[in-house]
Amino acid sequence: MFDRLIEKLKETPRKIVFTEGHDARILEAAARLKKEGFLTPILVGNVEVVTGKAKECGFDIEGLEILDPATYPEMDKMVETMVALRKGKMTEEQCRDALSKGNYFGTMLVKMGYADALLGGATYSTADTVRPALQLVKTKPGAHLVSSCFILVRGEEKLAMGDCAINISYEDTLDKEGNVVVSAADKLAEVAIEVANCAKLFGIDPKVAMLSFSTKGSGKGGTVSLSQAATAKAKEMAPDLALDGEMQFDAAVSPVVGQLKFPGSPVAGYANTFVFPCIEAGNIGYKIAQRLGGYEAYGPILLGLNAPINDLSRGCNADEVYKMAIITAAQA
């Protein structure tokens, strides 16, 4: 899978910003990327601190660009641009203060076209990666929310699961008069299509199961009606996508159970892309697959943004940073 992504990056060179250039895991991954030459890392941080840490750990980062917000020559222009983007929600002083931090500074490098992608979060929360992205890069045209996907790999087998990291639940968006502007079902359908598109990037021909504790109306309550409505919406939005629901997990993956519970479905029993109705089910589900099923899990891969920006686990290692950098840049 990674060989395929690397070949893509060799054909289309990309620059990726690492917002925590002082971190040993980031430095090890950046040194590896520098050596292999198919992706250009940019490290954010104090030059002396970053180079000192690299030397201490024995990582060769010579020649890599290190950008320090405190000495960045284009900071005034960056502040001006951010003030305009925030449209009165942040003062110039507040923007300058935010841009002194690696997460906002790195996001603005992407927004202003200096870099193609960003990877952060080795030392701070998912919210601290997503918030600047939403405020500055924003969602892509037509997108109503940011979601996420995990790619799970076991040998030659690859699966996609979403959303397991961002949206706690799906609620209707209302206008001031109380009218529904974007329904919860519209949002979950949008997530399903984004996850399917993400799966394609990794060579998966998506067969999407809209998961539930009910199969084809066998259960009531909870999120069943949401999954049913989202299935109908997703089929309208992407009629050529192999997608069906609502269905239980056993019906999604077992051909015998699938065709017994959901006869005639083109997806039941053969699904490889799974869409959960809430974050609780999704987060628990992918971690069961990872810990008990022996799958390697890559993600969360953020979906719906105008540019590739991804979040690392604070417990990540250098190999995970390296692989997530490849995934992130390949989204560009």
Worked check of side-chain contact (heavy atoms from CB on, under 4.5 Å) between V208 and V195:
CA-CA 9 Å; V208 184; V195 171; over 6 Å; no

Atom of T19, atom of G102 and distance for their closest heavy-atom approach
CG2-O, 3.4 Å

Atom pair OG1/CG of T139 and L145 - distance to nearest 0.5 Å
8.5 Å

Could you grab the distance from atom SG of C198 to atom CD of Q331, nearest 0.5 Å is fine?
6.0 Å

Side-chain contact, heavy-atom cut-off 4.5 Å: Y104 with M82?
yes

As an exercise, state the distance from CD of E28 to CD1 of I61, rounded to the nearest 0.5 Å.
12.5 Å

May I ask you to decide if D186's main-chain N or O and S183's side chain share a donor-acceptor pair within less than 3.5 Å?
yes

Check for me, please, whether I26 and V44 land in the same ILVMFWY cluster - side-chain distances under 4.5 Å, paths through other members count.
no

Atom of T107, atom of L118 and distance for their closest heavy-atom approach
N-CD1, 3.3 Å

Grouping I, L, V, M, F, W and Y whenever their side-chain heavy atoms are under 4.5 Å apart, do M161 and I288 come out in a common cluster?
no

Same apolar cluster: L67 and L136, side chain cutoff 4.5 Å:
yes

Could you tell me whether the side chain of R14 and the main chain of A332 form a donor-acceptor pair under 3.5 Å?
yes

Test side-chain contact (heavy atoms from CB on, under 4.5 Å) on Q135 and K89; report intermediate values, then the result.
CA-CA 10 Å; Q135 292 176 347; K89 294 178 182 177; over 6 Å; no

Nearest heavy-atom neighbours spanning S212 and E246
CB-CG, 3.7 Å

In the structure I gave you, are the side-chain heavy atoms of K187 and N167 within less than 4.5 Å of one another anywhere?
no

Charged N to carboxylate O below 4.0 Å: is that the case for E7 and R4?
no

Please, which pairs that meet salt bridge (Lys or Arg N to Asp or Glu O under 4.0 Å) have at least one residue in residues 57-72, sequence neighbours excluded?
K34-D60

Quick one: are Y322 and E36 in side-chain contact, heavy atoms under 4.5 Å?
yes

So, does K15 use its side chain to make a donor-acceptor pair with the main chain of I42 at under 3.5 Å?
no

Just so I know, are the side chains of D244 and K235 near enough to count as touching, which here means a heavy-atom distance under 4.5 Å?
yes

Would you say the side-chain atoms of T81 pair up with the backbone N or O of K77, donor to acceptor, closer than 3.5 Å?
yes

Taken to the nearest 0.5 Å, the spacing of L119 CG from L302 CG works out to 10.0 Å

Non-hydrogen side-chain atoms of R314 and S125 separated by less than 4.5 Å:
yes

For residues 4-28, pull every pair meeting ring pair (Phe, Tyr, Trp, His ring centres under 6.0 Å), keeping only residues two or more places apart or in separate chains.
none

Would you compute the distance between atom CD1 of I193 and atom CG of L188 and round it to the nearest 0.5 angstrom?
10.5 Å

Side-chain donor/acceptor of R154 to backbone N/O of G293, under 3.5 Å:
yes

Quick one: closest heavy-atom pair of A325 and L39, and the distance?
O-CD2, 3.8 Å

Indicate, with yes or no, if Y72 and V47 share a hydrophobic cluster defined by side-chain heavy-atom contacts under 4.5 Å among Ile, Leu, Val, Met, Phe, Trp and Tyr.
no

Are E92 and R96 close enough for a salt bridge, meaning some N to O gap below 4.0 Å?
yes

Evaluate the side-chain proximity of K111 to N306: yes if any heavy-atom separation is below 4.5 Å, no if none is.
no

Taking the hydrophobic residues Ile, Leu, Val, Met, Phe, Trp and Tyr, and joining any pair whose side-chain heavy atoms are under 4.5 Å apart, which ones share a cluster with V181?
V182

Side-chain heavy atoms under 4.5 angstrom apart, residues restricted to Ile, Leu, Val, Met, Phe, Trp, Tyr: same cluster for L27 and F105?
no

Are the side chains of E320 and L312 in touch, meaning some heavy atoms are under 4.5 Å apart?
no

Output a table of donor-acceptor pairs, distance under 3.5 Å, between side-chain atoms of residues 267-280 and any protein atom two or more places apart or on a different chain; print 'none' if there are none.
| unit_1 | atom_1 | unit_2 | atom_2 | d |
| --- | --- | --- | --- | --- |
| N272 | OD1 | K207 | N | 2.8 |
| N272 | ND2 | D205 | O | 3.0 |

Give a yes or no answer on whether the side chain of S254 reaches the backbone of A251 with a donor-acceptor pair at less than 3.5 Å.
no

Could you please spell out the steps behind the side-chain contact (heavy atoms from CB on, under 4.5 Å) verdict for K261 and M247?
CA-CA 9 Å; K261 289 186 173 184; M247 67 181 77; over 6 Å; no

Atom of D311, atom of P300 and distance for their closest heavy-atom approach
O-CD, 3.9 Å

Which atom of A24 lies closest to which atom of K53, heavy atoms considered
CB-CE, 4.1 Å

Transitive ILVMFWY cluster of V224, excluding itself - 4.5 Å side-chain cut-off:
F213

Counting only N and O atoms by type, is there a donor-acceptor contact under 3.5 Å from the side chain of Q248 to the main-chain atoms of L211?
no

One should read off an interatomic distance between I151 CD1 and K158 NZ, to the nearest 0.5 angstrom, of 8.5 Å

Indicate whether any N or O donor in one side chain lies under 3.5 Å from an N or O acceptor in the other, for E194 and S147.
no

Within-4.5 Å side-chain heavy-atom neighbours: Y298 and I326
no

Start with the C-alpha gap between L260 and V256, add the side-chain angles, then the distance that decides, and say whether side-chain contact (heavy atoms from CB on, under 4.5 Å) holds.
CA-CA 6 Å; L260 177 67; V256 174; 5.6 Å; no

Supply the members, apart from L174, of the Ile/Leu/Val/Met/Phe/Trp/Tyr cluster built from side-chain contacts under 4.5 Å; use none for a lone residue.
V180

